[in-house]
Amino acid sequence: MLKFDINILWTIINLVVFYLLMKFFLFKPIKKVLDKRQQMIDTEIESARQTNAQAEEKMADYRQKIADYQTEGKEIIARAKSDAKQEYGKIIDRANDDARRMRQDAQKQIDSEIAGARRAAKEDIAALAMQAAEKVVGASVNADTDSAIFDEFLNESSDK
């Protein structure tokens, strides 16, 4: 069996003392260093999470701004198209009004020229009739009679 010798007792005491010394001088400082490192790592991870969260918020904000700008751009384009259509309509209306006015002016001018041509034709016809009447009668009676006959002919022609 085993003998219980004093050497074994000293060996056990040495081991216990060595363990306590190691625990006090080696394990505690190493544990403190490891705890500090763990705390530093945890702090860095938390900081990275916060930075990541802030980056995500900014990214979401930028995406929202881009969407808003796109919507605003579409609204501006729609408004510009609407304004262009209205302006197009106004231009067409003005062109139609100008064309109508030009047709009316041309019609008035045509009517005026037709009336003038009729008047000139009537005067020519009256003059020819007077000349024919003078040849038939032989000589003109007098200027007042000629004028009265001429006016009467013009009035009758106008009525017809």
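Along the sequence shown, residues are numbered consecutively beginning with 1.
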[X] side, atom [atom1]; [Y] side, atom [atom2] - distance, nearest 0.5 Å:
X	Y	atom1	atom2	value
K31	L34	NZ	CG	8.0 Å
E123	L128	CD	CG	12.0 Å
I12	N7	CD1	CG	11.0 Å
R49	E56	CZ	CD	14.0 Å

Partners meeting side-chain contact (heavy atoms from CB on, under 4.5 Å) with [X] (sequence neighbours left out):
X	answer
E72	Y69, I76
I114	I110, R118
L20	V16
F24	K28

Salt bridge (charged side-chain N to carboxylate O under 4.0 Å, His left out): pairs with one or both residues in residues 73-89, sequence neighbours excluded: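 Sorted result for residues 73-89: E87-R94.
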Under the side chain to side chain donor-acceptor pair (under 3.5 Å) rule, collect the residues that match up with [X], sequence neighbours excluded.
X	result
Q54	none
D97	R100
Q70	none
R101	D98

Hydrophobic cluster mates of [X], side-chain heavy atoms under 4.5 angstrom, ILVMFWY only, any path?
X	result
I91	none
L15	none
I45	I41

Transitive ILVMFWY side-chain link M102 to I92, under 4.5 Å: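 Per the 4.5 Å side-chain linkage, M102 and I92 are not co-clustered.
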Hphob cluster co-occupancy, M59 + I66, side-chain heavy atoms under 4.5 angstrom: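 They do not share one cluster, since no chain of ILVMFWY contacts under 4.5 Å joins M59 to I66.
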Taking the side chain from [X] and the backbone from [Y], do they hold a donor-acceptor pair closer than 3.5 Å?
X	Y	answer
N14	W10	yes
S112	K108	no
S47	T43	no

Q38/D42 under side-chain hydrogen bond (donor to acceptor under 3.5 Å, both in side chains): CA gap, chis, key distance, verdict: CA-CA 6 Å; Q38 184 65 42; D42 290 343; 3.1 Å; yes
Side chain proximity check, D68 to Q64, heavy atoms < 4.5 angstrom: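 Touching, per the 4.5 Å side-chain cut-off.
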Within 6.0 Å of CD in Q39, more than 12 heavy atoms from elsewhere: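 12 or below, so no.
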